Novice: 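Sharing a structure here in structure tokens format.
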Amino acid sequence: MRSRLKIREFHVLLFPPLFWLIVFFAVPLLIVLIYSVSYRGTYGGVIPGFTLEHYRHLFDPLYVRVFGRSVLIATINTVLTLTLSYPIAYYMAFATTRVKSVMMFLIILPFWTNFMIRMYSIVTLIGDNGWLNNLFVATGLISRPLHIMNTLIAVFIGFVYWNLPFMVLPIFASLDRMDATLLEASMDLGASRFRTFLNITLPQSLPGVFAGIVFTFVPTMGNFVIPEILGGPNNIMIGNIITDAFTQARNWPFGSAISATLIFVVMVFVVLYLRYIEPVQGTPAAVR
Amino acid sequence: MEGGLSRANDLRIGKGWWLRVLSSLVVLFLLSPLLLLMFFSFNASRNITSWSGFTLDWYAVAFSDRALWIAVRNSLIIAVASTAASTVLGTLAALALGKYSFRGRALFQSLLHVPIIIPEIIFGISLLALFVFIRMPLGIVSIICAHITFSISFVTLIVLAKVRNFDRNLENACLDLGATRLQAFFHVVLPAISPGIIAGALFAFTLSLDDFVVTFFTAGPGSSTLPLKIYSLIKFGITPAVNAVSTILIVLTASTIIAATLIQTGAQTSRAIRLFSYVLLGVIGIALCAFTLFSPREERVVRLYIFAEYIDQSILTDFQKTYGVKVTQDYTNSNEELLSKLQMGATGYDIIVPTGFMVQIMIREGLIAPLNPRNIPNLEHIDPTFRKLWYDPDGRYSVPYAYGFTGFVYNSSVVTDPVDSWNVMWDERYAGKLLMVDDMREVFAVSYIRLGYPPTDTDPSHLRQALELLMRQKPLLRKYEANLINDLLINGDALIAQDWSGNAFRLNQEHPEFKFVLPKEGCMMFIDNMCIPKKSTHKEEAELFLNFLLRPDVSARNMRKILYAMPNPDARRLLDENLRRDTILFPPVDDLSRYRITHDIGEFTIEMERAWTELRGT
């Protein structure tokens with residue numbers, strides 16, 4: 001009796017979200033895949049058919065180079081974001097409940113302002129005559145304004161700003177779950193603080209770190225707005241090429257082919273994550 | 001969960017001063033743009049980089065901008081609806097994953113994880129393809145569906161953490177004691193995981209409110225959200241009015257969250273504070289409901305799809321007063337976007353504003369309907385030079401609306417040499433202070449003109465030469481900029497910039513030291529036209545509106561507001577002397593052949609696009 005009910009409950013739980021994701025997520029991706037092997041209409045759109053021409057197009061050294069640079073920028077950005085985020089997540093995890101919620105609130109707060117407006121605010125902050133430069137010059141810290149705006153540094157500032165919350169929150173979540181008695185045991189047994197961190201805290205936080213890396217790396221690869229606003233004349237990334245393909249070039253199949261490739265990269269990340277990281281993180285507390 | 005690490009405090013772990021300092025600095029970094037924009041919403045000047053006195057004027061401007069509040073309303077409707085649906089669906093998914101192991105679990109999980117990290121643009125485009133495929137009209141509903149899809153994943157992951165920490169024995173005990181499954185769920189499981197659900201809902205709401213890219217692709221007539229509106233406004237630089245709206249929204253959301261948290265923490269807070277919180281939440285709730293529900297529906301409407309700030313708002317209200325027909329507007333950002341939307345089957349727009357070359361494409365693709373001249377008698381006011389141009393030889397499909405030029409602007413207080421040629425954009429003395437517009441055709445046109453080729457040239461070897469010339473220019477450029485040209489010039493980040501005449505005129509009005517030049521080698525000219533899409537369902541009302549717009553007094557009023565020239569000599573006569581005689585606004589155009597009008601280059605677009613990528617990608 002109970003098991004039948006259980007199955008029914010399971011179906012009620014599973015099918016609505018499953019159905020939704022298939023219709024509004026899996027099917028659209030499939031359409032993109034179909035586009036990527038169709039012929040191109042001169043004025044946009046696709047003409048049914050089958051061709052691998054657009055994928056061959058991807059191996060054009062020009063696009064390979066842009067792809068390589070996107071990977072490099074995304075990697076550096078991920079390292080920077082991680083370096084800044086870990087200490088904060090660590091601080092939050094060991095703080096009082098009150099401090100925790102206040103920090104959480106402050107970290108989410110920027111999201112309530114439009115992304116574009118935040119980015120343009122950064123422009124007024126780091127411009128040649130922006131607030132930071134004016135402040136530094138006025139206090140005598142530097143003699144001439146720093147040229148940051150429209151360089152790669154500005155792009156990194158933008159990306160780190162954008163990604164910080166997505167890195168801090170997962171790391172915080174896994175640190176917060178940690179069993180404090182382990183730390184006590186470690187230190188009671190004579191391990192130094194550093195050793196305790198290295199052998200206990202760090203391994204326990206790795207799932208969060210990995211989740212943060214995924215949340216940071218992939219979206220950075222696909223972003224086109226930040227390099228456009230903060231970058232210089234040659235800071236385009238793979239996201240800009242996709243956008244251009246769908247708008248200026250009216251070459252949907254090519255845009256779809258790049259997208260399909262990017263989706264493939266994303267899939268690899270997700271499969272790795274689900275196979276190696278999630279099982280560790282997902283173990284119910286009672287078992288551990 | 002609570003206090004899991006509290007005992008670790010005895011060990012004084014995570015209490016180092018440097019951690020505190022670093023955390024504060026990072027939070028400051030996160031908040032500084034917000035503080036800056038809140039601060040500048042009270043700035044007396046339009047300029048957002050220097051303080052010139054306190055004012056509340058921008059709040060008055062923001063409150064009286066009806067289009068802005070319609071956008072806010074749309075955003076809120078979408079956020080509330082998508083949050084509700086995605087919270088339910090996400091919670092169900094989290095329970096399924098947390099309580100059961102089943103075949104295909106891994107697949108289901110990847111289906112949940114991919115939406116989080118997939119680049120937004122792919123997400124948006126693929127959803128648009130779906131909506132077109134299943135013939136679902138684009139609008140608020142399609143945006144809600146899109147937002148639900150990307151929110152589900154976040155909700156599930158957040159709730160899942162709570163489900164896993166939930167002691168299953170509690171539920172079993174409950175069932176053993178005779179509770180039904182539903183009872184057990186509502187009295188035991190739900191309360192235990194509710195913090196996760198609330199956090200998930202909060203996250204979904206936030207994501208929905210902030211989303212631009214996905215909304216951009218899935219929006220249809222009458223569904224422009226705040227981010228869309230802001231994006232199109234940014235073309236004219238951010239005014240403090242936009243900052244004012246943002247400030248209002250920050251304060252509103254922040255107080256909602258704080259009030260909700262205070263209520264949740266229960267006993268810890270005093271009764272007075274809790275009471276206050278309830279009242280605050282109630283007021284916000286009622287205000288939101290009133291705000292959302294209060295949207296009168298008119299039978300007769302004209303839906304306008306136009307660049308932001310490209311029409312005087314008072315004309316729309318006047319038209320409604322005179323004819324009882326309401327005009328709604330949505331914002332387009334480029335001709336290509338307009339074309340894609342129409343090709344994708346976007347229906348519901350009654351008037352669109354394509355540039356000449358796009359009119360030609362749209363006629364060829366059968367996207368626009370012929371006009372009935374008898375319904376538009378005011379066509380007689382239009383300058384005949386602008387009628388029946390090459391893109392619409394019979395003049396049957398389009399009515400010229402406004403025109404302008406792409407030349408360059410320079411700061412005459414710094415650049416004192418006489419400048420009348422494009423050569424100055426290659427002058428090394430201004431290295432790092434030069435801007436070109438972020439528009440493939442405009443950039444290559446300049447290069448073609450310098451080389452002496454027509455911008456419509458489709459010879460690959462000429463394209464190579466043009467690219468080489470631009471490659472030599474690139475090291476001198478600050479960047480290719482689309483939106484902030486005026487701001488960068490005012491801030492002194494740039495001295496000379498390729499620019500559109502209307503934009504330059506606006507700049508010149510406020511800062512006379514910036515002069516606009518139509519270079520002697522020639523320059524590009526564009527003519528924007530009003531057309532009616534074939535799928536329009538209010539053709540009659542649309543023609544009525546076109547006719548109204550061409551009335552000389554209306555047209556003059558419109559020109560005064562948008563500061564682009566209109567080919568309507570009778571209207572021009574009604575303008576003030578200084579405006580009428582302005583040479584930026586009205587350069588002599590008796591002979592259009594002096595200017596290069598953008599043509600479509602068909603298949604050659606692909607070649608140029610590759611060169612454009614090469615230019616910016618190496």
Side-chain angles (χ1 to χ4, degrees), chain A residues 9-10 13-14 16-17 20-21 24-25 27-29 31-32 42-45 62 66 84 87-88 90-91 93-94 106 110-118 120-122 124 127-129 150 180 183 187 214 218 222 232-234 236 241-243 247-249 251 259 262 266 270 274 284-285, chain B residues 5 7-8 11 13-14 19 22-23 26-27 30 33-34 36-37 48-49 89 92-93 95-96 100 109-111 113-115 117-119 121-122 126-127 129-130 149 164-165 206 210 227 230-231 238 246 250 253 336 340 343 361 365 440 474 477-480 491-493 605 609 614 616-617:
Chain A
E9 183 196 85
F10 171 63
L13 292 178
L14 179 69
W20 187 277
L21 285 173
F24 288 103
F25 189 66
V27 172
L29 290 190
I31 298 179
V32 167
T42 306
Y43 298 109
L62 172 62
V66 175
L84 276 181
I88 304 164
Y90 190 80
Y91 174 71
F94 288 99
L106 291 179
F111 283 104
W112 296 330
T113 308
N114 184 274
F115 171 75
M116 300 281 179
I117 296 185
R118 272 181 283 149
Y120 284 114
S121 247
I122 291 183
T124 57
D128 289 5
N129 300 312
N150 305 125
L183 298 177
M187 291 185 64
V214 174
V218 186
N234 50 8
I236 62 166
I241 295 189
I242 300 181
T243 319
T247 55
Q248 304 218 15
N251 192 350
S259 305
L262 217 49
V266 170
V270 169
L274 289 180
Chain B
L5 291 176
R7 285 178 62 207
L11 305 172
I13 287 179
L19 265 182
L22 187 70
S23 302
V26 171
V27 167
L30 281 175
L34 305 199
L36 211 58
L37 81 88
I48 52 166
T49 44
L89 289 170
L92 292 180
L95 287 170
Y100 299 92
Q109 268 182 304
S110 10
L111 207 56
H113 279 83
V114 176
I117 53 176
I118 199 159
I121 176 157
I122 301 180
S126 65
L127 270 169
L130 173 82
T149 314
R164 282 185 172 140
N165 279 313
T206 315
D210 191 36
I230 285 173
Y231 183 73
I238 297 185
S246 307
I250 293 176
T253 4
E336 282 75 14
S340 314
Q343 275 174 331
I361 294 175
E365 297 279 289
M440 173 177 85
K474 196 175 71 171
L477 288 185
R478 184 170 192 101
K479 68 178 300 200
Y480 298 99
N491 297 348
D493 288 335
T605 313
E609 164 64 21
E614 200 175 330
R616 296 167 306 148

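Every chain is numbered from 1, with letters handed out A, B, ... down the list of sequences. What you are looking at is a predicted structure, and each value in this text was computed from that prediction instead of being measured.
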Novice: Does any heavy atom of chain A fall under 4.5 Å from the side chain of V114(B), the backbone, both, or neither of them?
Specialist: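 V114(B) touches chain A through backbone and side-chain heavy atoms alike.
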
Novice: Could you grab the distance from atom CG of L36(B) to atom CZ of R118(A), nearest 0.5 Å is fine?
Specialist: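 Nearest 0.5 Å value for the CG-CZ distance: 14.0 Å.
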
Novice: Which atoms of V214(A) are under 4.5 Å from chain B, going by heavy atoms: the side chain, the backbone, both sets, or neither?
Specialist: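 Both backbone and side chain of V214(A) come within 4.5 Å of chain B.
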
Novice: Go through L84(A), L106(A), N234(A), I122(A) and name the one with the most non-hydrogen pairs under 4.5 angstrom from chain B.
Specialist: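 Of the options given, most contacts go to N234(A).
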
Novice: Just how far is it from atom CH2 of W20(A) to atom CG of L89(B), taken to the nearest 0.5 Å?
Specialist: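 One gets 7.0 Å once the value is rounded to the nearest 0.5 Å.
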
Novice: Test side-chain contact (heavy atoms from CB on, under 4.5 Å) on Y480(B) and K474(B); report intermediate values, then the result.
Specialist: CA-CA 9 Å; Y480(B) 298 99; K474(B) 196 175 71 171; 4.1 Å; yes

Novice: Under a 4.5 Å cutoff for heavy-atom pairs, which residue among S259(A), G222(A), G232(A) has the most contacts with chain B?
Specialist: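 Most pairs with chain B among the choices: S259(A).
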
Novice: What's the spacing between N251(A) CG and I242(A) CD1 if we round to 0.5 Å?
Specialist: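 Atom-to-atom, N251(A):CG and I242(A):CD1 are 12.5 Å apart.
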
Novice: Could you go through L22(B) and Y91(A), starting from their C-alpha distance and side-chain angles, then the distance that decides it, and tell me whether this counts as side-chain contact (heavy atoms from CB on, under 4.5 Å)?
Specialist: CA-CA 9 Å; L22(B) 187 70; Y91(A) 174 71; over 6 Å; no

Novice: What part of L14(A) gets within 4.5 angstrom of chain B, counting heavy atoms only: side chain, backbone, both, or neither?
Specialist: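 For L14(A), backbone and side chain are both near chain B.
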
Novice: Counting heavy-atom pairs under 4.5 Å to chain A, which of E365(B), E336(B), R478(B) comes out on top?
Specialist: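 The candidate making the most pairs under 4.5 Å is R478(B).
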
Novice: Can you tell which part of I31(A) gets under 4.5 Å to a heavy atom of chain B, answering side chain, backbone, both or neither?
Specialist: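 For I31(A), side-chain heavy atoms alone lie under 4.5 Å from chain B.
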
Novice: Would you mind checking which part of S246(B) comes under 4.5 Å of any heavy atom in chain A, side chain (CB onward), backbone (N, CA, C, O), both or neither?
Specialist: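 Only the side chain of S246(B) comes within 4.5 Å of chain A.
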
Novice: How far does CD1 of I230(B) sit from OG1 of T113(A), to the nearest 0.5 angstrom?
Specialist: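 Answer rounded to 0.5 Å: 9.5 Å.
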
Novice: Please report the shortest heavy-atom distance between S23(B) and P87(A), naming the atom on each side.
Specialist: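 Residues S23(B) and P87(A), closest heavy atoms: OG-O, 4.4 Å.
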
Novice: Heavy-atom pairs under 4.5 Å with chain B are the metric here; pick the option from L62(A), I88(A), V32(A), L29(A) that has the most.
Specialist: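 The candidate making the most pairs under 4.5 Å is L62(A).
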
Novice: First locate atom CD1 of I241(A), then atom CD1 of I121(B), and finally report the distance between them rounded to the nearest 0.5 Å.
Specialist: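 Spacing of CD1 (I241(A)) from CD1 (I121(B)) equals 11.5 Å.
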
Novice: Heavy-atom distances under 4.5 Å only: say whether L95(B) touches chain A with side chain, backbone, both or neither.
Specialist: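 The answer is both parts of L95(B).
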
Novice: Which atoms of L37(B) are under 4.5 Å from chain A, going by heavy atoms: the side chain, the backbone, both sets, or neither?
Specialist: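 For L37(B), heavy atoms of backbone and side chain both lie under 4.5 Å from chain A.
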
Novice: Among V26(B), V27(B), L477(B), which residue forms the greatest number of heavy-atom pairs with chain A at distances under 4.5 Å?
Specialist: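 Most pairs with chain A among the choices: V26(B).
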
Novice: Please determine, among L21(A), V218(A), N150(A), the option with the most heavy-atom pairs under 4.5 Å with chain B.
Specialist: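 Winner by heavy-atom pair count: N150(A).
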
Novice: Let me confirm one number: the CD1-CD1 distance from I250(B) to I117(A), rounded to the nearest 0.5 Å.
Specialist: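 With rounding to 0.5 Å, CD1 (I250(B)) is 8.5 Å from CD1 (I117(A)).
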
